[in-house]
Every structure is written in C-alpha cells, then in structure tokens.
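Following: one structure in structure tokens, then a few remarks.
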Amino acid sequence: VFEGTWENGREAGGQFIFNDGLPFTKDNWNYCTVKDRRFWSEYAEGIKPAGETNRTDSGVKPNLPKGCFDVGNGYYDPTTKKVHEYDTGAELRTPSDEELAFIETKAPISSSR
C-alpha cells in the first residue's frame, strides 16, 4: 500500500507500507540484513524467549502435507512438482529450476514424513 500526501493530483511525499506494517525505504534498508536477521514482527514486538523461536514472521507454522517443503507463500510438493496454497492446496505455480534448487537444499521440509 502506498500512503502519501497529494497536492494538485501529484505525489508530495509518502512511502510504501507492507501489509504487516513494515515501511519500505529505498535507501538505508535495515530490515533482514546480515547484521540483523530478525523477522519484522520480532523487530516491532521484540524477540520471544529461548525455546519459542519464530520459524515464520507470523509465528504460525503452516500445516504441510507429508514430504512437502515450506516455501513461504505456499508449499512445494515433489510429487506434483508444483507450489500449492497452504490452506486449499490450490496450485500456485511451477517453480523455476533456480527456485527448485533452492527449495531442495534450503527450504524446511514437513517433519511428518
């Protein structure tokens, strides 16, 4: 969402705000950097105590089908070779070869194999 002020139909200032409240800044981006890898929710609300570490920004772990990988905006099912929506299972996309290599080496896999 762009929040701004307008004068005579022209933008006079403003910024993009992500749906979780994170403001976008083109310069001096301080979110999710090598020096500070906290989720936005942890940055805004503080880090949880040891043992309650967030695996996602929302703190809610999605339910994944057996043997599937969590890709952040859905899950990758190696049997269909597609990314599916978490709740409905609807097909979202076919990952590129580059994304598939990342998924298979770095994405978390369902622990209920």
Side-chain angles (χ1 to χ4, degrees):
V1 173
F2 184 81
E3 293 181 1
T5 54
W6 307 90
E7 293 177 5
N8 299 319
R10 293 189 170 196
E11 173 198 341
Q15 65 180 351
F16 286 98
I17 307 288
F18 293 96
N19 65 350
D20 61 359
L22 171 66
F24 174 77
T25 56
K26 186 175 180 179
D27 300 315
N28 300 317
W29 183 253
N30 292 320
Y31 172 66
C32 201
T33 64
V34 174
K35 291 181 180 180
D36 186 353
R37 300 183 338 185
R38 292 177 289 170
F39 289 116
W40 174 246
S41 61
E42 293 171 324
Y43 186 82
E45 300 166 17
I47 296 176
K48 292 183 176 183
E52 295 181 27
T53 305
N54 281 349
R55 299 282 179 192
T56 65
D57 187 40
S58 69
V60 178
K61 183 179 173 185
N63 242 348
L64 302 180
K66 180 179 174 182
C68 293
F69 296 85
D70 185 0
V71 296
N73 64 344
Y75 63 87
Y76 173 73
D77 185 339
T79 63
T80 64
K81 301 187 185 309
K82 306 284 184 189
V83 174
H84 300 271
E85 205 275 329
Y86 287 122
D87 297 328
T88 66
E91 184 180 307
L92 294 176
R93 68 180 183 282
T94 301
S96 67
D97 290 340
E98 183 180 15
E99 182 183 14
L100 186 55
F102 179 86
I103 291 169
E104 292 176 336
T105 58
K106 303 214 186 312
I109 190 168
S110 172
S111 59
S112 56
R113 295 182 184 181

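Here the structure is a predicted model, which means the values were calculated and not measured.
Taking hydrophobic clusters as Ile, Leu, Val, Met, Phe, Trp and Tyr residues chained together by side-chain heavy-atom distances below 4.5 Å, Val1 does not share a cluster with Phe24. Criterion: ILVMFWY side-chain heavy atoms under 4.5 Å apart, direct or through other members. Under it, Tyr43 and Ile17 are not part of a common hydrophobic cluster. Hydrophobic cluster membership is shared by Trp6 and Phe16, with clusters built from Ile, Leu, Val, Met, Phe, Trp and Tyr side chains linked at under 4.5 angstrom.
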Side-chain donor-acceptor pairs under 3.5 Å in residues 98-108, sequence neighbours left out?
unit_1: Glu99; atom_1: OE1; unit_2: Arg93; atom_2: NE; d: 3.4
unit_1: Glu99; atom_1: OE2; unit_2: Arg93; atom_2: NH2; d: 2.6
unit_1: Thr105; atom_1: OG1; unit_2: Ala101; atom_2: O; d: 2.9
unit_1: Thr105; atom_1: OG1; unit_2: Phe102; atom_2: O; d: 3.3

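Annotation for Pro95 and Lys82: closest pair CD-CA, 4.3 Å, computed over non-hydrogen atoms.
Atom CG of Asp97 is surrounded by 12 or fewer heavy atoms from other residues, nucleotides or ligands within 6.0 Å. For Glu11, the CD atom sits in a packed shell: over 12 heavy atoms of surrounding residues, nucleotides or ligands are nearer than 6.0 Å.
For residues 63-97, every residue pair satisfying the ring pair (Phe, Tyr, Trp, His ring centres under 6.0 Å) rule, not counting sequence neighbours, is listed here: Tyr75-His84.
Asp70 contributes atom CG, which lies 11.0 Å from atom CD1 of Ile109 (distance to the nearest 0.5 angstrom). Note: Ser41 OG to Lys48 NZ = 7.5 Å, rounded to the nearest 0.5 Å. Between the CD atom of Glu85 and the CG atom of Leu92 there is a distance of 6.5 Å, given to the nearest 0.5 Å.
Side-chain contact annotation: Lys66 with Ser110, donor-acceptor N/O pair under 3.5 Å absent.
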